Amino acid sequence: MKKKIIIDTDPAMGTKGGDPEDCFAIMLAMNSPELEILGITTVQGNVPVERGFSNATYLVEQLGKDIPVHTGKPGTYSQDRNEKRKWLGQREEMEQLTPILPVENDKKGAPAFIAETAKENSGDIELVTIGPLTNIAQALDLDPELPTHINKITMMAGASTVQGNVTPAAEFNVWADPESAARVFGSGIPIRMVPLDVCHKTRFGREQLNLIGENEHPFCQFVQKSVDPWLKINPNKEIIDQGLHLYDSLAVALSFMPEIADFKKAYVSIETKGEFTDGQTVSEFNESIMGQIFKPKPNSEVALDLDVEAFNSLFKERVIDFLVEL
Ligand code: BDR
Ligand code: CA
């Protein structure tokens, strides 16, 4: 039986200078017979919401899929945080390749779509989140029963035993909206967390992009155009030399193929008050002194190791080969 999922995402393929990787993850999900995508919801993160909404809609249309797309509102979960993260909703200077759709075009909105779809599919639905957790926190506010409807959230989030990527303490998706992450980790919904610890083992480089770019198909040319600047202008030199990390594709893969990773249970709490550590995913494996004394009940299983070859061959078959043969 297929696993029913909603993908919550901040897709930037279609916005030059944004991380294009979410769209590979969505393509991986679309080409995975193990999954049935009930909807795609977009959130402020890699790009402002209207751009993410436009990019996701374009992707669905270009690949001829009948999948509803709904958008979140601009801003973070808490107004105070919004002040500090205001620039995430701006960045108007970025060149846009896909037609911009106003957020107002979507009457329902992402949180209501998540809450309603979860209720309709109660006990038979999972979320795969590959962006900040704003929409999920807002959906929890709309329906306090949401945790009883959703079996699991597989999320690309956090840095468990390694340093963050936005700050030494925090990974981008959690850092972008820590209060929403705190709400979701405290919700009681079982979490499969896919942190930087394993995401950093994955790569997509120039060689793979060239293979896709050799296909004259307009969609492959679009992929080439969107990804090329990210591989060139990335502030991280390692990305330029060795390729981007397939963070979000790994989360999609582990939503239906967890056997390719090693997981360890942890009680994960989110730092929201730190001067230097906002957005840190503090992972208690009950191995610290306090953990051994208080033994908090785990709220997450955290991926800490990966069969990289198994992931690479899945990604090659379902995303790279798919695009090369389009
Ligand atoms: C996460 O942040 C974004 O840049 C990527 O799309 C991924 O979801 C990695 O920290
Ligand atoms: Ca993302």
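Order of appearance sets the numbers: ligands from 1, and atoms from 1 within every ligand. Please read these numbers as outputs of a predicted model, since none were measured by experiment.
By the 4.0 Å N-to-carboxylate-O rule, K3 lies too far from D124 to be salt-bridged with it. Ion pairing between a basic and an acidic side chain is recognised when a charged N comes within 4.0 Å of a carboxylate O; E309 and K316 show no such pairing. Note on K237 versus D241: salt bridge recorded, some NZ/NE/NH1/NH2 to OD/OE distance being below 4.0 Å. Taking 4.0 Å as the cut-off between side-chain N and carboxylate O, D278 and K273 do not count as a salt-bridged pair. Taking the charged nitrogens against the carboxylate oxygens, E301 and R192 do have a contact shorter than 4.0 Å, which makes a salt bridge. Taking 4.0 Å as the cut-off between side-chain N and carboxylate O, D228 and R206 count as a salt-bridged pair. For the pair E93 and R51, the salt-bridge criterion is not met [side-chain N within less than 4.0 Å of a carboxylate O]. A salt bridge between D177 and R85 is absent, with no side-chain N of the basic residue lying under 4.0 Å from a carboxylate O of the acidic one.
Remark: minimum distance from atom 4 (O) of ligand 1 to any protein heavy atom is reached at N46 OD1, 2.8 Å. Nearest non-hydrogen protein atom to atom 9 (C) of ligand 1 is E171 OE2, 3.2 Å. Considering only non-hydrogen protein atoms, atom 5 (C) of ligand 1 sits nearest to D19 OD2, 3.5 Å.
Ligand 1 places these atoms under 4.0 Å from at least one heavy atom of N165: 9 (C), 10 (O). Proximity to D248 (heavy-atom distance under 4.0 Å) selects the following atoms of ligand 1: 5 (C), 6 (O), 7 (C), 8 (O). The N173 neighbourhood of ligand 1 comprises atoms 1 (C), 2 (O), 7 (C), 8 (O), with distances under 4.0 Å to a heavy atom of that residue. Below 4.0 Å from some heavy atom of M156 lie the following atoms of ligand 1, by number and element: 1 (C), 7 (C), 8 (O), 9 (C). Residue F172 has at least one heavy-atom neighbour below 4.0 Å for each of these atoms of ligand 1: 2 (O), 3 (C), 10 (O).
Only the side chain of D22 comes within contact range of ligand 1, with a heavy atom under 4.0 Å; no backbone atom does.
Considering backbone and side-chain N/O of L196, none are found under 3.5 Å from N/O of ligand 1.
For the Ca ion (ligand 2), the nearest N, O or S atom contributed by D10 is named OD1. No other N/O/S atom of D248 lies as close to the Ca ion (ligand 2) as OD2 does.
Geometry note: the Ca ion (ligand 2) is the vertex, I130 O and D22 OD1 are the arms, and the angle is 130° (rounded to 10 degrees).
Between H217 and F219, the ring-plane angle classifies as perpendicular under the 30° and 60° cut-offs.
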